[in-house]
Amino acid sequence: MSEDTDNNTVSVNPDACIGCGMCVAQCNEIFKFQGNSYAEVIKQPETEQELACAKSASLDCPTGAIVVKD
Ligand code: SF4
């Protein structure tokens, strides 16, 4: 277990997600549609770049469904 990745947790609130696909298009290594109408987190960020992408997606998400905890 790594402290670095433990400190940052990305999640999608399925009740808030409208399935616009923006986060999946922006960070396809983190977010994915898995047969649902909402995006899911398939992997926690492991690099600064992935974390930055997840944070950017959380700011751009039209419904604020993406939560990134530091
Ligand atoms: Fe859902 Fe937000 Fe991702 Fe759009 S950007 S698919 S609303 S979590």
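Quick note: numbers below take in every heavy atom, side chains included, and nothing from hydrogens, waters or symmetry partners. Order of listing sets the numbers, starting from 1, for every ligand and every atom in it.
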**OP:** From the options Pro14, Ala16, Gly21, Pro62, select the one whose nearest heavy atom is closest to atom 6 (S) of ligand 1.
**Re:**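 Comparing heavy atoms across Pro14, Ala16, Gly21, Pro62, the nearest one to atom 6 (S) of ligand 1 lies in Gly21.
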**OP:** Go through Ile66 and Cys23 one step at a time and tell me if the side chain to side chain contact (heavy atoms under 4.5 Å, CB included) criterion holds.
**Re:** CA-CA 9 Å; Ile66 301 170; Cys23 60; 3.6 Å; yes
Which of the numbered atoms in ligand 1 are below 4.0 angstrom from a heavy atom of [X]?
X     : answer
Thr63 : 7 (S)
Ile66 : 8 (S)
Cys17 : 1 (Fe), 6 (S), 7 (S), 8 (S)
Met22 : 5 (S)

**OP:** Please step through side chain to side chain contact (heavy atoms under 4.5 Å, CB included) for the pair Val67 and Val10, ending with a clear verdict.
**Re:** CA-CA 6 Å; Val67 178; Val10 181; over 6 Å; no
**OP:** Please assess Asn8 against Glu50 for the test side chain to side chain contact (heavy atoms under 4.5 Å, CB included), listing each intermediate value before the final yes or no.
**Re:** CA-CA 11 Å; Asn8 298 286; Glu50 288 177 350; over 6 Å; no
Subject >> Steps toward disulfide bond (SG atoms under 2.5 Å apart) verdict (Cys53, Cys27) >> reply: CA-CA 6 Å; Cys53 194; Cys27 319; 2.1 Å; yes
Subject >> Any N, O or S atom of Cys23 closer than 2.8 Å to atom 1 (Fe) of ligand 1 >> reply: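 Checking atom 1 (Fe) of ligand 1 against Cys23, no N, O or S atom falls under 2.8 Å.
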**OP:** Measure from atom 4 (Fe) of ligand 1 to each N, O or S atom of Cys20 and report whether any distance is below 2.8 Å.
**Re:**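 An N, O or S atom of Cys20 is closer than 2.8 Å to atom 4 (Fe) of ligand 1, so yes.
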**OP:** Taking all non-hydrogen atoms of both residues into account, name the closest pair between Ala54 and Phe31 and its distance.
**Re:**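 Taking Ala54 first and Phe31 second, the nearest heavy atoms are CA-CE1, 4.3 Å.
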Original post:
Should we say atom CD of Gln34 is surrounded by more than 12 heavy atoms from elsewhere, each under 6.0 Å from it?
Top reply: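 Yes, because the 6.0 Å sphere around CD of Gln34 holds more than 12 heavy atoms from other groups.
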Original post:
So, Cys61 and atom 2 (Fe) of ligand 1: N/O/S under 2.8 Å, yes or no?
Top reply: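 Yes, Cys61 qualifies, because one of its backbone or side-chain N, O or S atoms lies under 2.8 Å.
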Original post:
Among protein heavy atoms, which sits nearest to atom 7 (S) of ligand 1, and what does the distance come to when rounded to 0.1 Å?
Top reply: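 Answer for atom 7 (S) of ligand 1: Ile18 N, 3.5 Å.
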Subject >> side chain to side chain contact (heavy atoms under 4.5 Å, CB included) between Val41 and Thr9, worked out >> reply: CA-CA 10 Å; Val41 175; Thr9 312; over 6 Å; no
